[in-house]
Amino acid sequence: MKTIIHAENAPAAIGPYSHGTSYGNLIFTSGQLPVCKEKGGVVDGGITAQSIQSLDNLKYVLEAGGGSLETVLKTTCYLAEISDFAAFNEVYKTYFKTDCPARSCFAVKDLPLGVKVEVEAIAHVNI
């Protein structure tokens, strides 16, 4: 049975979707934008600040679904500019230190709210 995931610490969705869903032991997150719930908008700063916020939001959703960054199997990372790839990797490696998940990372034409990064994941619940 599908379960809807709602993360209290993550910002509200900007469209008709949930923070994530789970089915059995799997967690599927929606793409997490660099929006700060406390500040109520996109974080100031460039790719580094936005990557931190997106990955923090991802962590909140995973934890709300019973998982963690350590249970991530695959991430998909969207960048507004491929020239931000190296800077994004510098932040990413502080969240995924060892046994890194599979990953796709590519540039797209546009992202919602004009942000620089969006990250989604597939994970499993903590056992």
Legend entry - Lys74, NZ atom: more than 12 neighbouring heavy atoms under 6.0 Å: yes
Inset, instruction - Answer yes or no: is there a side-chain heavy-atom contact under 4.5 Å between Val125 and Thr71? - result: no
Legend entry - Residue pair Leu58 / Thr29, side-chain heavy-atom distance below 4.5 Å: yes
Legend entry - Interatomic distance, Glu70 atom CD to Asn126 atom CG [nearest 0.5 angstrom]: 8.0 Å
Legend entry - From CG (Leu55) to OH (Tyr95), nearest 0.5 Å: 5.5 Å
Inset, instruction - Could you tell me whether the side chain of Lys93 and the main chain of Glu90 form a donor-acceptor pair under 3.5 Å? - result: no
Legend entry - Minimum side-chain heavy-atom gap His124-Leu62 below 4.5 Å: no
Legend entry - Close side-chain approach of Thr3 and Thr21, heavy atoms under 4.5 Å: no
Inset, instruction - Determine yes or no for a side-chain-to-main-chain donor-acceptor pair under 3.5 angstrom, with Ser30 supplying the side chain and Ser18 the backbone. - result: yes
Inset, instruction - Check whether any side-chain N or O of Lys37 sits under 3.5 Å from a backbone N or O of Glu8 as a donor-acceptor pair, and report yes or no. - result: yes
Inset, instruction - Establish whether Val91 and Phe88 are linked, either directly or via other cluster members, by ILVMFWY side-chain heavy-atom contacts under 4.5 Å. - result: yes
Legend entry - Inter-residue atom distance Ile52.CD1 - Cys36.SG, 0.5 Å rounding: 12.0 Å
Legend entry - Residue pair Cys77, Val117: steps toward the side chain to side chain contact (heavy atoms under 4.5 Å, CB included) verdict: CA-CA 7 Å; Cys77 309; Val117 62; 5.6 Å; no
Inset, instruction - Measure from the side-chain N and O atoms of Ser54 to the backbone N and O of Ser51, and report whether any donor-acceptor pair falls under 3.5 Å. - result: no
Legend entry - Minimum heavy-atom distance between Tyr78 and Glu120, given as atom pair plus value: OH-OE2, 3.4 Å
Legend entry - Verify same cluster id: Ile47, Val115 (apolar side-chain graph, 4.5 Å): no
Legend entry - Inter-residue atom distance Ser22.OG - Ile4.CD1, 0.5 Å rounding: 8.5 Å
Inset, instruction - Treat each ILVMFWY residue as a node, draw an edge where side-chain heavy atoms are under 4.5 Å apart, and state whether Leu26 and Val119 are in one component. - result: no
Legend entry - Backbone of Gln32 reached by a side-chain donor or acceptor of Asn57 within 3.5 Å: no
Inset, instruction - Answer whether the closest heavy-atom distance between the side chains of Phe106 and Leu79 falls below 4.5 Å. - result: no
Inset, instruction - Compare all side-chain heavy atoms of Lys116 with those of Pro34 and state whether any distance is below 4.5 angstrom. - result: no
Legend entry - Charged tip of Arg103 within 45° of Phe96 ring normal and under 6.0 Å: no
Inset, instruction - Answer whether the closest heavy-atom distance between the side chains of Phe28 and Ile5 falls below 4.5 Å. - result: no
Legend entry - The single option from Leu73, Thr75, Ile122 passing side-chain contact (heavy atoms from CB on, under 4.5 Å) against Pro101: Thr75
Legend entry - Over all atoms of both residues, closest heavy-atom pair of Tyr60 and Ala10: CD1-N, 4.0 Å
Legend entry - Asn9 vs Val61, side chain to side chain contact (heavy atoms under 4.5 Å, CB included): CA-CA, chis, key distance, verdict: CA-CA 8 Å; Asn9 293 331; Val61 174; over 6 Å; no
Inset, instruction - May I ask whether Leu111 and Phe85 are part of the same hydrophobic cluster, defined by side-chain heavy atoms of I, L, V, M, F, W, Y residues being less than 4.5 angstrom apart, directly or through others? - result: no
Legend entry - Non-hydrogen atoms of Pro112 and Leu33 that approach each other most closely: CB-CD1, 4.0 Å
Inset, instruction - Take Gln50 and Val42 through the side chain to side chain contact (heavy atoms under 4.5 Å, CB included) test and state the conclusion after the steps. - result: CA-CA 8 Å; Gln50 289 195 11; Val42 175; 3.7 Å; yes
